[in-house]
Amino acid sequence: MTTREEALKFGLSFPDTYQDAPFHDDNWQLVRFGGNKKAFLWTYERDGYINLNVKVNPEVAYFWRKAYDSVIPGYHQNKEHWNTIILDGTIPDEDVKQMIEESYTLVSDSPTKRIYEAVKKIPYGRVATYSQIARIAGNSRMSRAVGNALHKNPDPDNIPCFRVVDSKGSLAGGFAFGGAEVQAKLLEAEGVVLSDGRVDLNKYQWQDEEAENG
């Protein structure tokens, strides 16, 4: 990969991305993640080469800089969290793409996204608690955030929020997609038996080892 066009095309291949030129200077072309409008790929020409600025975990930043002379601390950006890739033909395409993908992942990641990904993993016919989803999503203290995220579920067909119950197995009285009765019907359709509006967690709760392996 040596051209701006190749880099932009790859950056735009990720979900919910768009190209932007915020500085009224065609030399600076960015690719942003639509979810938060943050740029994860900066492209510009400098000293005769196309350069890419990509976000990076600090512990990984130095790995790439040691691996390639054409990967240097981020130009005009935080040098702990950004690298500059000089497209001089010395870096294999797969590594350039990996660095761009890592940047996209860092910029697009959010607690809400992690919550939705955790809920997607709950198996058919099983339930998880709010605190369990919070823990799997990386922060056991954000149970309330789990509830808020599920109330705003953007894709109920693929994010099965009806499989999430409270710590006692009770259904959500304010289930966002039709109320507790609808949640009960969806669970019963998957073979989950309810008693007095509650799920027997000893029988139907998704176990942590399943979460780790799933």
Side-chain angles (χ1 to χ4, degrees), residues 1-121 136-139 145 149 152-160 211-214:
M1 184 184 296
T2 57
T3 68
R4 185 199 304 269
E5 290 72 24
E6 290 174 290
L8 289 173
K9 181 179 180 181
F10 183 70
L12 290 167
S13 70
F14 295 101
D16 195 11
T17 55
Y18 65 97
Q19 189 171 335
D20 187 25
F23 307 126
H24 305 290
D25 179 354
D26 289 341
N27 186 40
W28 290 84
Q29 299 289 328
L30 283 57
V31 180
R32 297 183 185 274
F33 172 62
N36 53 25
K37 299 184 179 180
K38 291 183 179 180
F40 66 92
L41 176 63
W42 301 59
T43 74
Y44 54 95
E45 184 176 351
R46 180 168 175 257
D47 297 331
Y49 294 106
I50 294 298
N51 284 212
L52 313 177
N53 282 12
V54 293
K55 194 166 188 179
V56 63
N57 276 320
E59 60 269 23
V60 177
Y62 296 99
F63 166 81
W64 289 116
R65 294 173 196 174
K66 286 184 178 181
Y68 299 107
D69 291 338
S70 295
V71 178
I72 61 175
Y75 176 65
H76 277 326
Q77 288 185 289
N78 183 303
K79 292 174 173 41
E80 183 179 4
H81 295 278
W82 290 83
N83 275 348
T84 292
I85 306 168
I86 302 171
L87 296 184
D88 59 3
T90 63
I91 307 173
D93 282 7
E94 59 267 26
D95 284 350
V96 175
K97 290 180 177 180
Q98 182 176 339
M99 286 185 270
I100 295 173
E101 183 173 0
E102 289 173 354
S103 183
Y104 170 81
T105 299
L106 287 171
V107 167
S108 64
D109 187 35
S110 69
T112 298
K113 179 181 176 181
R114 295 198 300 273
I115 288 167
Y116 291 150
E117 290 303 313
V119 173
K120 286 180 182 179
K121 294 179 180 179
I136 295 169
N139 186 343
K152 301 174 182 177
N153 187 345
D155 188 10
D157 290 338
N158 294 303
I159 304 172
E212 293 172 1
N213 296 329

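Side chains are part of it too, since the values below use all heavy atoms of this structure and drop only hydrogens, waters and symmetry mates. We number each residue from 1, following the sequence as shown.
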Are side-chain heavy atoms of [X] and [Y] found at a separation under 4.5 Å?
X      : Y      : answer
Phe14  : Ile100 : yes
Tyr62  : Pro73  : no
Trp64  : Ile85  : no
Gln19  : Leu8   : yes
Thr84  : Tyr44  : yes
Asn139 : Pro111 : no
Val56  : Trp82  : no
Tyr104 : Ser13  : no

Please indicate whether Lys113 has more than 12 foreign heavy atoms, meaning atoms of other residues, nucleotides or ligands, lying under 6.0 Å from its NZ.
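For Lys113, atom NZ is crowded (more than 12 foreign heavy atoms under 6.0 Å).
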
Around Tyr18, counting heavy atoms of other residues, nucleotides and ligands shown, do more than 12 lie under 6.0 Å from its OH?
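Yes, the 6.0 Å shell around OH holds more than 12 heavy atoms from other groups.
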
Sidechain-backbone polar pair: [X] side chain, [Y] backbone, donor-acceptor under 3.5 Å:
X      : Y     : answer
Asn78  : His81 : yes
Asn83  : Ala61 : yes
Ser103 : Val54 : no
Asn51  : Leu87 : no

For the pair Glu117 and Lys120, find out whether any cationic side-chain nitrogen is under 4.0 Å from an anionic carboxylate oxygen.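 Salt bridge flag = yes for Lys120 with Glu117.
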
Looking at [atom1] of [X] and [atom2] of [Y], how far apart are the two atoms once the value is rounded to the nearest 0.5 Å?
X      : Y      : atom1 : atom2 : answer
Ile91  : Thr2   : CD1   : OG1   : 11.5 Å
Met1   : Asp93  : CE    : CG    : 5.5 Å
Ser70  : Arg65  : OG    : CZ    : 14.0 Å
Asp155 : Asn158 : CG    : CG    : 4.0 Å

Stepwise, does the side chain to side chain contact (heavy atoms under 4.5 Å, CB included) test hold for Val96 with Leu52? CA-CA 9 Å; Val96 175; Leu52 313 177; 4.0 Å; yes

Full working for side chain to side chain contact (heavy atoms under 4.5 Å, CB included) between Leu30 and Leu41: CA-CA 6 Å; Leu30 283 57; Leu41 176 63; over 6 Å; no

By the definition side-chain contact (heavy atoms from CB on, under 4.5 Å), identify the one residue from Glu102, Glu101, Glu94 that meets it with Gln98.
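The single option meeting the side-chain contact (heavy atoms from CB on, under 4.5 Å) with Gln98 is Glu102.
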
For the residue pair [X] and [Y], what are the closest heavy atoms and their distance?
X     : Y     : result
Thr17 : Gly11 : OG1-O, 3.7 Å
Glu45 : Asn27 : N-OD1, 2.8 Å
Asp16 : Gly35 : OD2-N, 3.1 Å

Side chain to side chain donor-acceptor pair (under 3.5 Å) contacts touching residues 34-43 (sequence neighbours left out)
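Output for this query lists Arg4-Thr43.
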
Can you name the salt bridge (Lys or Arg N to Asp or Glu O under 4.0 Å) partners of Glu80, sequence neighbours left out?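 None.
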
Side-chain H-bond candidate by donor/acceptor type, Tyr75 with Asn53, under 3.5 Å |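 Their side chains do not contain a donor-acceptor pair, so the 3.5 Å distance test is not met.
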
Does either side chain, that of Glu6 or that of Thr3, offer a donor lying less than 3.5 Å from an acceptor on the other one?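 Per modelled atom types, Glu6 and Thr3 side chains form a pair under 3.5 Å.
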
**Report entry** Trace of the side chain to side chain contact (heavy atoms under 4.5 Å, CB included) decision for Phe40 with Thr105
**Finding:** CA-CA 9 Å; Phe40 66 92; Thr105 299; over 6 Å; no

- Item | salt bridge (Lys or Arg N to Asp or Glu O under 4.0 Å): pairs with one or both residues in residues 17-31, sequence neighbours excluded |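 Passing the test, one end in residues 17-31: Asp20-Arg32.
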
